[in-house]
Undergrad: 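Shown below is the structure under consideration.
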Amino acid sequence: MSALAAEPTVGSPMSSVRSGARSGPRLEIDLAAVAANTRLLADRAAGELMAVVKADGFGHGTVDVARTALAHGASSLGVTSIEEALALRCAGLQEPILSWLNPVDADFASALGADVDLAVPTALHLQAVAAAAARTRRTARVHLHLDTGMARDGSSPDAWSALCARARRAERAGLVSVVGVMGHLGCAEVAGDPRTDAGLRTFRWGLEVAHATGLRPSLRHLAATAATLTEPRTHLDLCRVGAGLVGIDPSGTTPLRGALTLTAPVVSVRRVAAGTGVGYGHTHVTDRPTRLVLLPLGYADGLPRATSGRAEVLLRGRRRPIVGRVSMDQIVVDVGDDRVAIGETAVVLGPGDRGEPTATEWAAWADTIPHEIVTGIGPRVGRVVSATSSLHHQLRSL
Ligand SMILES: *Cc1c(COP(=O)(O)O)cnc(C)c1O
C-alpha cells in the first residue's frame with residue numbers, strides 16, 4: 001500500500017454538492033429533475049395530475065417530491081396509507097390528498113380530521129368510513145375503487161352495484177360524499193394492449209352503474225404513469241403518477257430524467273496478483289495482476305446481491321466491474337492498472353449522462369424494475385438534496 005500513497009487524488013465528480021454530515025455513501029436527490037418530469041407529465045395529462053408520493057416518494061423523500069410536484073403542475077397528492085397522508089399534513093401541505101390502501105380497522109377518524117380523501121374498495125370499508133364520519137361529525141370524501149382487471153385492490157365488478165347503492169345511502173345520510181371513482185390498469189406499458197381496452201370498458205360500465213345509482217363523482221381516474229404516457233383515452237379527469245415524477249418511464253417512450261445519484265468513496269485500494277479470490281465464496285478469481293478498490297456499501301444499502309458478477313460503477317470516468325459477491329456492507333471494484341486513490345468518488349447510480357449506470361441498468365442486472373431499485377436505497381445512506389433544488393425549496397418556504 002505504501003506505493004499507492006504518492007498517487008494523485010482526482011477531484012470528486014460530486015464536489016459541487018453540499019457536503020453532508022456523513023462521509024460515506026451518499027444519495028443526491030435532484031428536485032429539479034422531479035420538477036421537469038412533473039411539468040412534462042402535467043402537460044401530457046388531459047385533466048389534472050395527482051402526484052403519487054407513496055413509499056417515501058419512491059425513495060426520493062415524500063415531502064420534497066410532494067412540494068416539488070405541487071409547484072410544477074400537480075394539484076393533489078396520492079399515497080397508500082393514512083399514516084403517509086397524515087405525515088404530509090404534518091409537514092404543512094394543504095392540497096387534496098387521497099389514501100387508497102387501508103385495512104378495515106385503519107384510523108379513518110384521523111384521516112377525516114385531516115381532510116384526507118379515502119378510497120373505498122369494499123362494503124366493510126364503507127361501513128368503517130361511514131362510522132368514523134358519524135363519530136367525528138364529518139362528511140367523508142370517498143373515491144369508490146373498482147377493480148378494472150388486476151384482481152388486486154378495488155371492488156370486484158360483482159360487488160360493484162351493491163357498493164354503489166350503499167355509498168349512495170351513506171351519501172343521503174350525510175356521512176360520505178362520493179367525489180371520485182378510481183380504477184387501475186395492469187398492462188398499459190404498451191399502447192393499444194387489449195387488456196387496457198377491457199379495463200377501460202369495465203371502468204366505463206362502473207361509471208354508468210354509479211351514475212344510475214345517483215352518484216355524481218367529479219373525479220374519474222384510471223391512469224398511472226404508463227397510461228398517462230401511452231393511452232390518452234384513459235386520462236379522464238385525473239392521472240395518478242408516481243414513477244414518472246422520479247424519472248421512471250415504464251413504457252420506454254418518453255425521455256424522463258432520473259433524480260437520484262448514489263456515490264461512494266473509495267475506502268481502500270490494493271494491488272493483487274493473478275489468481276486472487278475475491279469476496280465470499282471466491283465467486284471471482286482475478287485472471288491477471290490488478291488493482292481492487294473497496295466501496296463501503298452493499299445489499300443493506302440497496303445494491304441487490306443478485307447483481308453479483310454483472311454490475312458496474314463509474315470511477316474516473318470509466319465503467320468498472322464489481323467483482324465477487326455483493327456483501328451486506330461492501331463491494332469490490334476491479335480498476336485494472338488505473339492508479340485510483342483512496343478518497344476518490346465512485347458513481348454507483350445516476351441519471352446516466354456522465355456514463356454512470358442508471359436505475360434501469362441496475363434493475364436489469366437484478367432482473368427487476370427500476371421502481372424496486374429506487375425504493376430500496378437503505379436508511380444509512382446519507383441523503384443530500386441537490387444545491388439548486390434545495391435553494392429553490394428554501395425560496396418556496398420563505
Ligand atoms: C402506485 C400507484 C400509482 C402510481 O403508479 P405509477 O406507475 O408509479 O405512476 C397509481 N395508482 C395506484 C393505485 C397505485 O398503487
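Read the numbers this way: they start at 1 and go in the same order the structure lists the ligands and their atoms. Here, residue 1 is the first one in the sequence, and each next residue gets the next number.
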Undergrad: Excluding sequence neighbours, so at least two apart, what forms ring pair (Phe, Tyr, Trp, His ring centres under 6.0 Å) with W362?
TA: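 Expected list: W365.
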Undergrad: Run through all N or O atoms in ligand 1 and write down each protein N or O closer than 3.5 Å, as a pair with its distance.
TA:
| residue | atom | partner | partner atom | Å |
| --- | --- | --- | --- | --- |
| ligand 1 | 8 (O) | A243 | N | 2.8 |
| ligand 1 | 9 (O) | T225 | N | 3.0 |
| ligand 1 | 9 (O) | T225 | OG1 | 2.5 |
| ligand 1 | 9 (O) | G242 | N | 2.8 |
| ligand 1 | 11 (N) | H184 | ND1 | 3.4 |
| ligand 1 | 11 (N) | R240 | NE | 2.9 |
| ligand 1 | 11 (N) | R240 | NH2 | 3.2 |
| ligand 1 | 15 (O) | K54 | NZ | 2.8 |
| ligand 1 | 15 (O) | W100 | NE1 | 3.4 |

Undergrad: When V269 is tested against each of L294, L292, I342 for side-chain contact (heavy atoms from CB on, under 4.5 Å), which residue passes?
TA: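 So the option named by the test is I342.
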Undergrad: Check whether Q330 reaches the backbone of S327 with its side chain - one donor and one acceptor, N or O, closer than 3.5 Å.
TA: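 Side chain of Q330 to backbone of S327: no pair is present.
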Undergrad: Is the closest side-chain heavy-atom distance between R270 and R291 below 4.5 Å?
TA: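 No. Closest side-chain heavy atoms not under 4.5 Å.
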Undergrad: Test: side-chain hydrogen bond (donor to acceptor under 3.5 Å, both in side chains). Region: residues 37-56. Which pairs qualify, not counting sequence neighbours?
TA: R39-H72, E48-S75, D56-T62
Undergrad: Just jot down the ring pair (Phe, Tyr, Trp, His ring centres under 6.0 Å) partners of H221, sequence neighbours excluded, or say none.
TA: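 Per chain and number, H221 pairs via ring pair (Phe, Tyr, Trp, His ring centres under 6.0 Å) with H143.
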